[in-house]
Amino acid sequence: MSKPDNESLSYTDEEARRKKRMKWTIGITAFVIFQVVQALFFILVIMKFKSPKFRINEFDFQTLSVGTQASPSFDMSFVAPVRIKNTNWGPFKYDATVVNFTYGGVQVGQVTIPKSKANFKSTKKIDVNVNLSSNALPSSSNLGSELSSGLITLNSQGELKGKVTVMFMFKKTKTSQMNCTMAINTTSKAVQTLSCK
């Protein structure tokens, strides 16, 4: 075989080896980038623990009776639709808790939320029977003037404690607060406004 043929063959072998190294380099680089993106997604999205939202939704009254401005009072009953929205990538297991209903800072009723769990990326729906009464209010309360305006303002507060578990091994304790304000229209016997923080 002549010298130029040997040089041509070694050049071809060298070119083939260079292309093979380039393919391996591109493959390994692509694999590393894929792994980094996957790890970042896992850390920034999956492992980002958030406190679930603990709210009460609008409701209809079963009974609602009110007194007058001269003799202010109220008694009401309804089924409260309590919602626990879990936006985490793992279930939220929470302990039993209490939701207090207040008027002017004075407790007028209370309900218990039983221990349970909200599945990942879902909303747990709990309907609880609520009975509220103004019997505990002091005579100095604002109830008389609110009754004359036709609107009673109530608050609901509660704290929900539990653990979010991701991939059966990563656990984090989270606390959710309920702080809702509702304006009750005593003429139409309906919730006029309801806002939760």
Would you check if there is a donor-acceptor pair between the side chains of Asn100 and Gln110 at a distance under 3.5 Å?
-> yes

For Gln177 and Glu159 the tightest heavy-atom approach is NE2-OE2, 2.7 Å

Exercise. Would you check if Met178 and Ser156 make a side-chain contact, meaning some heavy-atom pair closer than 4.5 Å?
Key: yes

- Evaluate the ring planes of Phe59 and Phe78, with Trp represented by its six-membered ring, and classify them as parallel (under 30°), tilted (30 to 60°) or perpendicular (over 60°). parallel

Does atom NZ of Lys174 have more than 12 heavy-atom neighbours, drawn from other residues, nucleotides or ligands, at distances under 6.0 Å?
-> yes

Exercise for review: Kindly indicate whether the side chain of Met76, heavy atoms from C-beta on, has any atom under 4.5 Å from the side chain of Phe101.
Suggested key: no

Does some side-chain heavy atom of Val164 sit less than 4.5 Å from a side-chain heavy atom of Phe120? no

Given 3.5 Å as the limit, does a donor-acceptor pair link the side chain of Asn86 with the main chain of Gly90, or not? yes

- prompt: Is there a donor-acceptor contact under 3.5 Å from the side chain of Lys93 to the main chain of Gly162?
  reply: no

Exactly one of Asn155, Thr153, Thr193 clears side-chain hydrogen bond (donor to acceptor under 3.5 Å, both in side chains) with Thr181, and that residue is Asn155

*asked:* Any side-chain to backbone donor/acceptor pair from Asn185 onto Ser188? Under 3.5 Å, distance only.
replied: yes

* Asked: Between the side chain of Ser51 and the main-chain N/O of Ser176, is any donor-acceptor distance below 3.5 Å?
  -> no

One thing to verify: whether Arg83 and Asp127 come together as a salt bridge, which I'm taking to mean a side-chain N less than 4.0 angstrom from a carboxylate O. yes

